[in-house]
There are 2 protein chains.
Amino acid sequence: MKLKPKFKLWLEVDGKPVIGEGRADLLMEIYETGSLSAAARNLRISYRHAHEMLSELNERCGMGIIATEVGGASGGGTRLTAKGRKLVESYQAMKNELENWLENRSS
Amino acid sequence: MKLKPKFKLWLEVDGKPVIGEGRADLLMEIYETGSLSAAARNLRISYRHAHEMLSELNERCGMGIIATEVGGASGGGTRLTAKGRKLVESYQAMKNELENWLENRSS
DNA sequence: CACCGTTATGCACGAGAATGCATAACGATA
DNA sequence: TATCGTTATGCATTCTCGTGCATAACGGTG
């Protein structure tokens, strides 16, 4: 019986989840595409859901993670702010450290 | 914005979860009460669900984690085997180590 | 002005998980 | 033999989460 440890990691503020695997992936995709709808398409999740994820994130972080634009030639877009990039990076860093710790752990 | 790291940890075999927080609590309660129905009552979960949790665990571990008895003066009971206790202990140990690591981590 | 792609929102629907309830089998004990 | 508390299982109901679809607002561009 080979047991393999698995984990999920996320960050909370006031007891509510702010960023985990799902939102981190979404924010990264937004950073790369500059569009929420494109990010949702790439991740194969519904736009409806992706938008809800951002909405909750903003509620819990007091805005400033993303910046949206509506209308225009391109139709609009969603940008990841510097603050948002730092949030993703700090999550990714912690997750990577945890993965390494778990791999090198003397069981 | 105060960010607090949280995590869930579990052990898998063949890509399927064997023990996590839920089953660990259930097994510990069985160890203390010697009864699945009592364990479910104490944990405020349905017997139906508790039984299903054990059923899946046995499927994935090839039996030997618990020993059940039906009928008799006491009605029967469910015991945690030595193998079962070791499983819970190894999970608890890993979880505690991870908690400590996360607390002492230089953010 | 009409078009287009994006953000944004409401609502019905489906899948999966857990609950609640009913029922059966079991076996020592009075 | 009748009782009792437990294990065990089936099935309808409920709840949550994500999907799918419809619709509106927006604002450059042709």
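Below, all heavy atoms of this structure are taken into account, side chains as well, without hydrogens, waters or symmetry copies. Worth saying up front: this structure is predicted, and the values here are computed from it rather than measured. Numbers restart at 1 for each chain; the letters A, B, ... are given by sequence-line order, proteins then strands.
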> Can you tell me how far P of D:dT9 sits from CD of B:Glu59, to the nearest Å?
11 Å
> Among residues 74-81 of chain B, which ones have heavy-atom contacts with DNA chain D below 4.0 Å?
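Heavy-atom cutoff 4.0 Å gives B:Ser74, B:Gly75, B:Gly76, B:Gly77, B:Thr78.
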> Evaluate whether atom NZ of A:Lys83 has more than 12 neighbouring non-hydrogen atoms of other residues, nucleotides or ligands under 6.0 angstrom away.
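Enclosed.
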> To the nearest Å, how far apart are A:Ile30 CD1 and C:dT6 P?
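Computing the A:Ile30:CD1 to C:dT6:P distance gives 13 Å.
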> Decide whether A:Ser35 and A:Ser37 meet the rule of one side-chain donor and one side-chain acceptor closer than 3.5 Å.
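Distance-only check passes for A:Ser35 and A:Ser37.
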> Rounded at 0.5 Å granularity, tell me how far CD in A:Glu52 sits from OG in A:Ser46.
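Answer for the CD-OG pair, A:Glu52 versus A:Ser46, is 10.0 Å.
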> Mind running side-chain contact (heavy atoms from CB on, under 4.5 Å) on A:Glu69 and A:Arg79 for me, showing each step along the way?
CA-CA 8 Å; A:Glu69 293 164 10; A:Arg79 269 176 34 247; 4.0 Å; yes
> Between B:Glu12 and B:Trp10, does a side chain to side chain donor-acceptor pair (under 3.5 Å) hold up when you go through it step by step?
CA-CA 7 Å; B:Glu12 288 188 355; B:Trp10 69 96; 3.0 Å; yes
> I need the residues from residues 33-55 of chain B with at least one non-hydrogen atom less than 4.0 Å from DNA chain D; give them sorted by number, or say none.
B:Ser35, B:Leu36, B:Ser37, B:Tyr47, B:Arg48, B:His51
> If you measure from CG on A:Leu54 to SG on A:Cys61, what distance do you get to the nearest 0.5 Å?
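These two atoms lie 11.0 Å from each other.
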> For DNA chain D, produce a single dot-bracket line, 5' to 3'. Pairs: Watson-Crick or G-U wobble, both distances under 3.5 Å. Symbols: ( ) within strand, [ ] crossing, | other strand, . unpaired.
||||||||||||||||||||||||||||||
> Show the nearest heavy-atom pair for residues A:Ile30 and A:Leu80, with the distance to one decimal.
CG2-N, 4.2 Å
> For atom CG of B:Asp14, decide whether the heavy atoms of other residues, nucleotides or ligands shown that lie under 6.0 angstrom number more than 12.
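No.
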> Looking at A:Phe7, I'd like to know if its CZ atom is crowded, meaning that more than 12 non-hydrogen atoms belonging to other residues, nucleotides or ligands lie closer than 6.0 Å.
yes
